[in-house]
Amino acid sequence: MTKLSVNINKIATLRNSRGGDVPNVVQFAKDVQRFGAEGVTIHPRPDERHIRYQDARDLKPEVYTEYNIEGNPVSSFVELVLNVKPTQVTLVPDAVDAITSNAGWDTIKHKDFLVDIIKEFQQNGIRTSIFVDPVLEQIEGAKATGTDRIELYTEAFAHQYSLSNKDAVTPYVKSAELANNLELGINAGHDLSLENIEFFKKNIPGLLEVSIGHALIAESLYLGVDNVIQMYLHKLKA
């Protein structure tokens with residue numbers, strides 16, 4: 001079964017744009033779980049322009065499903081994750097000034113760094129996942145780091161799917177098949193939406209979890225959060 005983890009960064013962005021605490025990210029996390037989401041994802045950045053480090057701490061006692069913290073493992077992020085001890089940490093090589101994540105790890109070039117940081121998280125009981133492009137050499141490189149899972153970076157698929165190019169899923173299928181053979185768990189995320197999620201899920205063998213934020217929040221403006229979560233759950237189980 002593929003789990004739905006809701007990325008709530010956009011709720012923090014909305015809160016921060018006005019100051020104060022509306023909408024409240026902790027309450028939103030409680031609500032999406034009550035509506036059926038099987039996980040909550042946050043991606044704090046060093047400048048705290050959306051999710052703040054304190055949000056990560058405040059969410060810990062309230063997330064009773066899977067708690068996934070994404071980010072670039074700079075020292076402050078590592079300290080935060082080791083303090084909070086989420087279910088999963090997803091390592092993303094995003095630059096400080098990146099608007100959003102825009103590339104996977106070069107798991108070959110950064111192998112030694114990833115090995116060390118992954119080992120530290122695992123020794124503290126935190127499942128690890130690393131953000132990767134659908135490139136077979138990078139999947140093999142991910143296995144060599146000792147990570148528990150990979151998260152396939154799906155922006156390219158989503159863009160091509162919107163142009164009616166369904167063949168864009170092919171490198172993801174091949175990457176998933178290799179990951180399964182290597183006994184790596186498979187997550188996916190970035191620009192997945194109600195439009196493309198069912199097709200993607202049906203084609204990716206062994207897909208364990210999808211993390212969806214921007215599209216889900218945007219769709220909820222029209223359809224309502226509870227309704228949209230039910231729609232995702234239906235498509236993921238179709």
Side-chain angles (χ1 to χ4, degrees), residues 2-14 37 39 41-43 45 49-51 68 70-72 90-107 129-142 149-180 184-223 225 228-229 231-236 238:
T2 304
K3 292 184 177 181
L4 170 66
S5 185
V6 176
N7 186 317
I8 62 174
N9 274 29
K10 282 295 182 293
I11 302 304
T13 301
L14 183 59
T41 293
I42 59 171
H43 189 144
R45 288 181 165 84
R49 64 180 182 267
H50 31 64
I51 285 290
N68 176 43
E70 301 179 342
N72 193 329
T90 300
L91 307 180
V92 184
D94 49 356
V96 173
D97 59 350
I99 295 175
T100 186
S101 306
N102 53 21
W105 284 96
D106 184 332
T107 58
S129 178
I130 54 178
F131 200 57
V132 292
D133 297 309
V135 177
L136 298 184
E137 291 82 1
Q138 297 302 332
I139 308 302
E140 292 172 342
R149 296 188 183 186
I150 55 170
E151 179 173 327
L152 294 171
Y153 172 38
T154 51
E155 181 182 18
F157 158 75
H159 176 67
Q160 289 299 316
Y161 187 87
S162 71
L163 301 176
S164 300
N165 178 16
K166 294 185 177 181
D167 290 340
V169 79
T170 301
Y172 295 88
V173 174
K174 292 181 178 179
S175 294
E177 290 172 343
L178 176 58
N180 285 326
L184 282 172
I186 303 169
N187 300 338
H190 206 94
D191 287 351
L192 295 175
S193 67
L194 285 174
E195 176 187 12
N196 58 42
I197 189 63
E198 185 173 350
F199 177 84
F200 185 80
K201 186 264 181 183
K202 284 183 174 179
N203 282 276
I204 304 301
L207 182 62
L208 297 175
E209 175 184 299
V210 291
S211 175
I212 305 178
H214 182 81
L216 187 150
I217 302 304
E219 291 154 350
S220 296
L221 294 175
Y222 295 94
L223 302 172
V225 181
V228 166
I229 287 175
M231 294 169 74
Y232 273 101
L233 293 174
H234 176 74
K235 289 176 180 291
L236 286 169

Original post:
Does one side chain, of His50 or Asn9, offer a donor that lies under 3.5 Å from an acceptor on the other?
Top reply: yes
The salt bridge (charged side-chain N to carboxylate O under 4.0 Å, His left out) partners of Lys201 (sequence neighbours excluded) come to none
| task | May I ask you to test the Pro134-Lys174 pair for a side-chain heavy-atom distance under 4.5 Å? | result | no
Correct closest heavy-atom pair for Ala37 and Val6 would be CB-CG2, 3.7 Å
Taken to the nearest 0.5 Å, the spacing of Leu216 CG from Ile197 CD1 works out to 10.5 Å
With sequence neighbours left out, the residues meeting salt bridge (charged side-chain N to carboxylate O under 4.0 Å, His left out) with Lys202 are Glu198
One should read off an interatomic distance between Glu209 CD and Ile186 CD1, to the nearest 0.5 angstrom, of 12.5 Å
Donor-acceptor contact below 3.5 Å, side chain Asn180 vs main chain Ala176
yes
**Q.** Parallel, tilted or perpendicular: rings of His190 and Tyr153 (30°, 60°)
**A.** perpendicular
Side chain to side chain contact (heavy atoms under 4.5 Å, CB included) with Leu207: of Thr2, Leu152, Asn187, only one passes, and it is Thr2
CD1 of Ile217 to CD1 of Ile212, rounded to nearest 0.5 Å, is 10.5 Å
Output for pair (Ile51 CD1, Thr13 OG1), nearest 0.5 Å, gives 8.0 Å
Residues Glu155 and Asp191: closest non-hydrogen pair is CG-OD2, 3.4 Å
Sequence neighbours excluded, the answer for ring-ring contact (aromatic ring centres under 6.0 Å, His included) partners of Phe200 is Phe157, Tyr172
*Where the side chain of Thr90 meets the backbone of Ser129, is there a donor-acceptor pair that is under 3.5 Å apart?*
no
Residue set satisfying salt bridge (charged side-chain N to carboxylate O under 4.0 Å, His left out) with Lys10, at least two apart, ordered chain then number -> none
To the nearest 0.5 Å, atom CG of Leu184 lies from atom CD of Glu140 at 10.5 Å
Taking the side chain as everything from C-beta on, heavy atoms only, tell me whether Lys3 gets closer than 4.5 Å to Leu208. no
Those residues at least two apart in sequence (or on a different chain) that pass side chain to side chain donor-acceptor pair (under 3.5 Å) with Gln160 are Asn165
For Gly71 and His43 the tightest heavy-atom approach is CA-NE2, 3.6 Å
Residue set satisfying side chain to side chain contact (heavy atoms under 4.5 Å, CB included) with Thr41, at least two apart, ordered chain then number -> Ser5, Asn7, Asn68, Glu70, Ser211
Closest non-hydrogen contact found for Ile139 with Ile150 is CD1-CD1, 3.7 Å
Closest non-hydrogen contact found for Thr107 with Ala142 is OG1-N, 3.4 Å
In this structure, OH of Tyr161 is separated from CG of Asn196 (nearest 0.5 Å) by 6.5 Å
